[in-house]
Amino acid sequence: MRVIFSRKGFDSAAGGGASPIVDGRPVSLPIPAGGPSRTTYGALGLGEHVRRASRGRLGAGDRCHHDPMFLPGGTCLFGQCGAAQTHLANRGVGPGDVFLFFGLFRDERTGEPHHRIFGYLAVEEVVALADCAPERRDALLRHDHPHAIGMSATNDTVYCGPGQVAGRAGDALRLTVPEGPPSLWQRPGWLRRGGLSYHDRADRWLRAGRLKSVARGQEFVADIGRRKAPREWLARVLDEIRAT
């Protein structure tokens, strides 16, 4: 079994700011569309939030990359392509694995930016868009999923399965240490050097259970196998996400 820490949403490079926490709930802002898209921020009810986070550079009429996509009924669709998808494939990510989506958020009380987990996807199906049946791609297209609208690479892939966003921004889903900066994480005890892709350098693994996360990159894979401790940690995280 693998747990994938998957960076998504606004940050200083993509969008220009942090996603907000609104009335105690994390609201992840999709990045601006860099390719085919039929979805505007206004259609998602995010127009004012994106205007504030981008300092007026984006607004309700701008198109966004609506991905991951959380559907009514508790289903999540998440697309990936290019080098990031190659990394996932090389690491063997597939059915039975879990994506934990995290991003940069701004505390609604202090204004402090930090990284936190805001949703999950438990993979049941992996759809390689170049090879799948036309009716399967059409089903994704009916949801206006951006990777189904227009492929960006020969390995465009959509991961499907149960998933949802967090209903509250509790400390249990926060990755950043209390004093920051955002990239300095309090890692779970089971996660140690050599156990997370793109984080092999020794100087990233600090004392007191801290991890200096990489500045760029999207998909960080931890192969937890059958170990009990990471599975118990994951269960607690999913319980927190599902809590209302």
Side-chain angles (χ1 to χ4, degrees), residues 1-11 14-15 17-31 39 41 44-46 48-50 52-53 64-80 93 97-124 143 145 159-178 180 182-188 190-191 196 211 213 218-222 224 230-244:
M1 183 181 184
R2 298 158 192 84
V3 174
I4 307 96
F5 293 84
S6 182
R7 189 200 313 264
K8 296 294 170 283
F10 261 38
D11 59 21
S19 291
I21 294 174
V22 181
D23 297 329
R25 181 175 63 90
V27 178
S28 178
L29 302 177
I31 63 172
T39 306
Y41 289 107
L44 299 177
L46 299 174
E48 182 59 21
H49 294 309
V50 78
R52 292 178 180 175
C64 64
H65 187 74
H66 187 199
D67 187 32
M69 182 179 287
F70 296 92
L71 305 178
T75 297
C76 180
L77 307 175
F78 166 57
Q80 192 53 277
V93 173
D97 298 333
V98 177
F99 284 89
L100 295 179
F101 300 114
F102 76 93
L104 185 69
F105 288 83
R106 191 170 300 281
D107 191 287
E108 62 184 334
R109 299 162 300 175
T110 67
E112 169 206 10
H114 62 279
H115 285 152
R116 70 166 45 251
I117 297 167
F118 67 87
Y120 82 95
L121 161 63
V123 181
E124 287 187 345
H143 293 295
H145 195 280
Y159 297 84
C160 314
Q164 69 181 72
V165 294
R168 61 191 184 192
D171 290 342
L173 299 181
R174 179 180 170 123
L175 295 170
T176 300
V177 299
S183 60
L184 186 59
W185 294 2
Q186 187 70 52
R187 59 179 171 83
W190 57 266
L191 185 59
L196 186 66
L211 172 67
S213 65
Q218 297 183 56
E219 314 295 345
F220 311 139
V221 182
I224 65 174
R231 287 171 178 267
E232 290 178 342
W233 175 87
L234 178 61
R236 291 193 297 271
V237 168
L238 297 186
D239 285 344
E240 178 67 18
I241 294 173
R242 294 170 182 143
T244 56

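Everything numeric here is computed off the predicted structure, so don't read it as measured data.
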Self-check item: Sole candidate of F70, Y120, Y159, F5 that passes ring-ring contact (aromatic ring centres under 6.0 Å, His included) when paired with F99
Solution: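 Of F70, Y120, Y159, F5, ring-ring contact (aromatic ring centres under 6.0 Å, His included) with F99 is met by Y159 alone.
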
Spatial distance of atom [atom1] ([X]) from atom [atom2] ([Y]) [nearest 0.5 Å]:
{"X": "E219", "Y": "Q80", "atom1": "CD", "atom2": "CD", "answer": "4.5 Å"}
{"X": "L44", "Y": "M69", "atom1": "CG", "atom2": "CE", "answer": "8.0 Å"}
{"X": "L173", "Y": "R168", "atom1": "CG", "atom2": "CZ", "answer": "8.5 Å"}
{"X": "R174", "Y": "F102", "atom1": "CZ", "atom2": "CZ", "answer": "14.0 Å"}
{"X": "I4", "Y": "L121", "atom1": "CD1", "atom2": "CG", "answer": "8.5 Å"}
{"X": "L175", "Y": "L211", "atom1": "CG", "atom2": "CG", "answer": "9.5 Å"}

Self-check item: Salt bridge D107-R109, side-chain N to carboxylate O under 4.0 Å
Solution: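 Looking at R109 together with D107, the answer is yes, because their closest N to O distance falls below 4.0 Å.
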
Practice problem: Give a yes or no on whether a salt bridge exists between E240 and R236, defined as a side-chain N under 4.0 angstrom from a carboxylate O. | Solution: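 Not counted as a salt bridge, because no side-chain N and carboxylate O are separated by less than 4.0 Å.
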
Ignoring hydrogens and angles, tell me if any N or O in the side chain of [X] forms a donor-acceptor pair with the backbone of [Y] under 3.5 Å.
{"X": "R7", "Y": "F220", "answer": "no"}
{"X": "R106", "Y": "P20", "answer": "no"}
{"X": "T176", "Y": "H115", "answer": "yes"}
{"X": "S213", "Y": "S183", "answer": "yes"}

How close do [X] and [Y] get, counting heavy atoms only, and between which atoms?
{"X": "V177", "Y": "Q186", "answer": "CG1-N, 3.6 Å"}
{"X": "I31", "Y": "G9", "answer": "CG2-O, 3.5 Å"}
{"X": "L46", "Y": "S28", "answer": "CD1-O, 4.3 Å"}
{"X": "F78", "Y": "S6", "answer": "CZ-OG, 3.9 Å"}
{"X": "Y41", "Y": "P30", "answer": "OH-O, 2.7 Å"}
{"X": "D67", "Y": "L77", "answer": "OD1-O, 3.4 Å"}

Practice problem: For the residue pair F118 and K8, establish whether any side-chain heavy-atom pair is separated by less than 4.5 Å. | Solution: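 Contact flag for F118/K8 side chains = yes.
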
Exercise. Would you indicate whether the side-chain heavy atoms of I21 and H114 approach each other to under 4.5 Å?
Key: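 A side-chain contact exists here, since the closest heavy-atom pair is under 4.5 Å.
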
Quiz prompt | Enclosure of D171 CG (heavy-atom neighbours >12, cutoff 6.0 Å) | solution =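 Check fails, neighbour count at 12 or below.
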
Self-check item: Stepwise side-chain contact (heavy atoms from CB on, under 4.5 Å) check, L196 with R187
Solution: CA-CA 11 Å; L196 186 66; R187 59 179 171 83; over 6 Å; no

